[in-house]
Amino acid sequence: MTLTAAPTDFDELVGSLAIEGRAFVDGAYVAAASGETFECINPSTGRAVARIAACDAEDVDRAVRGARAAFEAGIWSRSAPKQRKRVLTRLAALIEEHAEELALLETLDMGKPISDSRKVDVPLAAECIAYYGEAVDKVYDEVAPTDPSAVVMVLREPLGVVGAVVPWNFPLLMASWKIGPALAAGNSVVLKPAEQSPLTAIRLAALAAEAGVPDGVVQVLPGFGETAGQAIGRHPDVDMVAFTGSTEVGKLFLRYAGESNMKRTALECGGKSPHLILEDCGDLDAAAEAAAWGVFYNQGEVCNAGSRLLVHASRKDEFLERVVRVAEGIRPGNPLDPATQMGPIVDRTQLERVLGYVAAGEEEGARLALGGSRVLEETGGYFVEPTIFDSVSNEMRIAREEIFGPVLSAIAFTDEAEAIRIANDTVYGLAAAVWTDDVSKAHRAARAIRAGVVWVNCFDHGDISAPFGGFKQSGFGRDKSIHALEKYTDVKTVWIALR
Ligand code: NDP
């Protein structure tokens, strides 16, 4: 079934999907050991669409034991890379075969427009799994250039049990960014999706089993961060945690690791990415389009959202006018309608958080140039209109804290040095962009800005072959590209003396 218009019967649509809400452990769907469940709420109506297993420490323990047993048995961890390639390639194909179902689950669960789920999230998830499948039988170990009296092999070995804790903004894609390289490297994975968005991860588990991933190698445990998430972080038999989410929770995972077994921790955390428009920017229309979509895409619920717009003072008014014009064309609406470009905020808590920041911006003296309100309240959904603040100073909370909603803060600067200083005046360092027609200025800015990705004359462009991750408190470790395989392996030196 592919929707060509918004469905008229919501209940019929939900019923047709036969939504699974249980955990997936050792090859089968199971209830939480406690029997507890929680409601999965559709954010565009405020209505429940499924009940989800509320896994806790007992379930984590069981899943880790199963994952460890599978790892030690070697059925996956010691399989030939080309065998893992076959299975991961099959999984990618199954994601494509089930694309419409996964897209509908994603949109029902977290509210992103169905057109984005179809065109972005699901295809990129399949591409990611296929990429790591394809890569794994093409990466070689090394022989160190030592004295010829020895052969010194430098081997990369899987870590063992990897815990993956992921957020709600790109649920299937973030799960794939973790699972793809972790599985390709030979690990077992215990995945905890966010409480707001567990549906596609739960479905992915069955597709992985169907593709041939052995029992125990992919375990999916829906549940809450403070229970299931913390139990993964503290488990003595989890070898590594790969986390995407807030900086605050990222720091907790460092603490959990330090207080348990010093497990490796890779963190992809928050951002407050600067989007710089230098005085000589030639194509203001293209830059305005990028600036608007750079913060309003996915309702602004994007870790690398260009939420700080730094514009040269001499061009600020004409530029902001253009950004406002683009933003006025982005109207929130039913995310199941293929024409909708912006859906609701993920849940009531996040809605209140976003509106709280709008109020803070006004109190701190920023000028509201567009939006600022909840809309479509009669639907029961959590919609917020695109919001733009002008006359923001980098000291205001709306310029310093990650809002994770459709709120843009425009800040004026007077020269390149000041622009770089403001861009770097943040605890974050996930991404940045600079628009200029001068190639020297572009290179200078790209080197001077402390961020994991710097775009020049574009925003949010990416490819599975290009690493993604942060500097500073945006975390460490890279997702995507061959580099992601590094964090799911340990380096072993084998020194063979020749007689
Ligand atoms: P969190 O960082 O809290 O959630 C990310 C993941 O961590 C979820 O799976 C969550 O579980 C889990 N988690 C939460 N608390 C704990 C804990 N104490 N121990 C272990 N795991 C935990 O993000 P939120 O969903 O709370 O969103 C809050 C803010 O975080 C947003 O407004 C945004 O600023 C930021 N954020 C940033 C993201 C990014 O990609 N940079 C992604 C998501 C949020 P559960 O959801 O089930 O509680």
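Only heavy atoms go into these numbers, but all of them, side chains included; no hydrogens, no water, no symmetry mates. Note that this is a predicted model, so its numbers are computed, not measured. All ligand and atom numbering here is 1-based and tracks the order in the structure.
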Just checking, any donor-acceptor pair under 3.5 angstrom between side chains of Lys178 and Thr244? yes
Testing the 3.5 Å rule here: is there a donor-acceptor pair between the side chains of Gln196 and Asp109? no
Pairing of Arg478 and Glu268 as salt bridge, 4.0 angstrom limit: no
Do the rings of Phe459 and Trp455 sit parallel, tilted or perpendicular, given the 30° and 60° boundaries? tilted
Results of side chain to side chain contact (heavy atoms under 4.5 Å, CB included) for Glu486 - residues two or more places apart only: Arg156, His483
How about Ile464 and Leu124: do any of their side-chain heavy atoms sit closer than 4.5 Å? no
For Asn169, which part has a heavy atom under 4.0 Å from ligand 1: side chain, backbone, both, or neither? side chain
Can you tell which part of Leu430 has a heavy atom less than 4.0 Å from ligand 1: side chain, backbone, both or neither? neither
Which atoms of ligand 1 sit under 4.0 Å from any heavy atom of Phe253? 20 (C), 21 (N)
Report the part of Gln350 (side chain from C-beta onward, or backbone N, CA, C, O) that has a heavy atom under 4.0 Å from ligand 1; answer both or neither where that applies. side chain
Within 4.0 Å of atom 4 (O) of ligand 1 (strictly less), any protein heavy atom? no
Any idea which atoms of ligand 1 are less than 4.0 Å away from a heavy-atom of Thr244? 5 (C), 40 (O)
Within a distance under 4.0 Å of any heavy atom of Val165, pick out the atoms of ligand 1 and give their elements. 6 (C), 7 (O), 9 (O), 12 (C)
May I ask you to say whether Arg65 pairs ionically with Asp237, meaning some side-chain N is under 4.0 Å from a carboxylate O? no
At a 4.0 Å cut-off, with the gap strictly under it, does some heavy atom of Gly223 reach an atom of ligand 1? yes
Checking a contact table here: which protein heavy atom is nearest atom 7 (O) of ligand 1, and how many Å away? Phe243 CE1, 3.3 Å
Numbered atoms and elements of ligand 1 in range of Ala194, under 4.0 angstrom, heavy atoms: 9 (O), 46 (O), 47 (O)
Taking atom 32 (O) of ligand 1 as the reference point, the nearest protein heavy atom with its distance: Arg353 NE, 2.8 Å
Protein non-hydrogen atom found under 4.0 Å from atom 26 (O) of ligand 1: no
Atom 15 (N) of ligand 1 [closest protein heavy-atom partner, distance rounded to 0.1 Å]: Val249 CG2, 3.6 Å
Say whether Phe170 and ligand 1 are in contact under the criterion: heavy-atom distance to a ligand atom below 4.0 Å. no
Would you mind reporting whether Tyr382 and Val346 have side-chain heavy atoms less than 4.5 Å apart? no
Can you name the residues that form a ring-ring contact (aromatic ring centres under 6.0 Å, His included) with Phe471, not counting sequence neighbours? none
Would you mind listing which atoms of ligand 1 come within a distance below 4.0 Å of any non-hydrogen atom of Gly229? 20 (C), 21 (N)
Ring centroids only, cut at 6.0 angstrom: are Phe170 and Trp177 within range, meaning strictly under it? no
Under-4.0 Å salt bridge between Glu401 and Lys272: no
Nearest atoms (heavy-atom pairs only) where Ser34 meets Ala54: OG-O, 4.0 Å
re atom 19 (N) of ligand 1, the protein heavy-atom contact at minimum distance is Tyr256 OH, 2.7 Å
Would you say Lys192 and ligand 1 have an N/O pair spaced under 3.5 Å apart? yes
Using a strict threshold of under 4.0 Å (side-chain N to carboxylate O), is an ion pair present between Asp347 and Arg353? no
Just jot down the ligand 1 atoms closer than 4.0 angstrom to any heavy atom of Trp168, in number order. 24 (P), 25 (O), 27 (O)
Quick one: does Gly270 get within less than 4.0 Å of ligand 1, heavy atoms only? yes
Would you tell me whether Asn304 and Asp460 have side-chain atoms, one donor and one acceptor, within less than 3.5 Å of each other? yes
Quick note on ligand 1: atoms under 4.0 Å from a heavy atom of Phe224 include exactly 47 (O)
To check your reading of the model: name the closest protein heavy atom to atom 20 (C) of ligand 1, its residue, and the distance in Å. Gly225 O, 3.2 Å
When Glu20, Glu106, Glu210, Glu101 are each screened for salt bridge (Lys or Arg N to Asp or Glu O under 4.0 Å) with Arg203, the one that passes is Glu101
How long is the straight-line distance from NZ of Lys263 back to OH of Tyr256, given to the nearest 0.5 Å? 10.5 Å
Just going by heavy-atom distances, which of Ser246, Gly300, Pro193, Gly271 is nearest to atom 30 (O) of ligand 1? Ser246
Numbered atoms and elements of ligand 1 in range of Val166, under 4.0 angstrom, heavy atoms: 6 (C), 8 (C), 9 (O)
Which residue and atom name correspond to the protein heavy atom nearest atom 39 (C) of ligand 1, and how close is it? Cys303 CB, 3.3 Å
Under 3.5 Å, is there a donor on one side chain and an acceptor on the other for His275 and Trp435? yes
What part of Cys269, side chain from CB on, backbone N/CA/C/O, both or neither, has a heavy atom under 4.0 Å from ligand 1? backbone
Would you mind finding which of Glu402, Glu226, Met174, Gln196 brings a heavy atom closest to atom 46 (O) of ligand 1? Gln196
Starting from atom 48 (O) of ligand 1, what is the nearest protein heavy atom, named by residue and atom, and what distance separates them? Glu195 OE1, 2.6 Å
among protein heavy atoms, the one nearest atom 42 (C) of ligand 1 is Pro167 CB, 3.3 Å
N or O contact, Phe404 vs ligand 1, cut-off under 3.5 Å: no
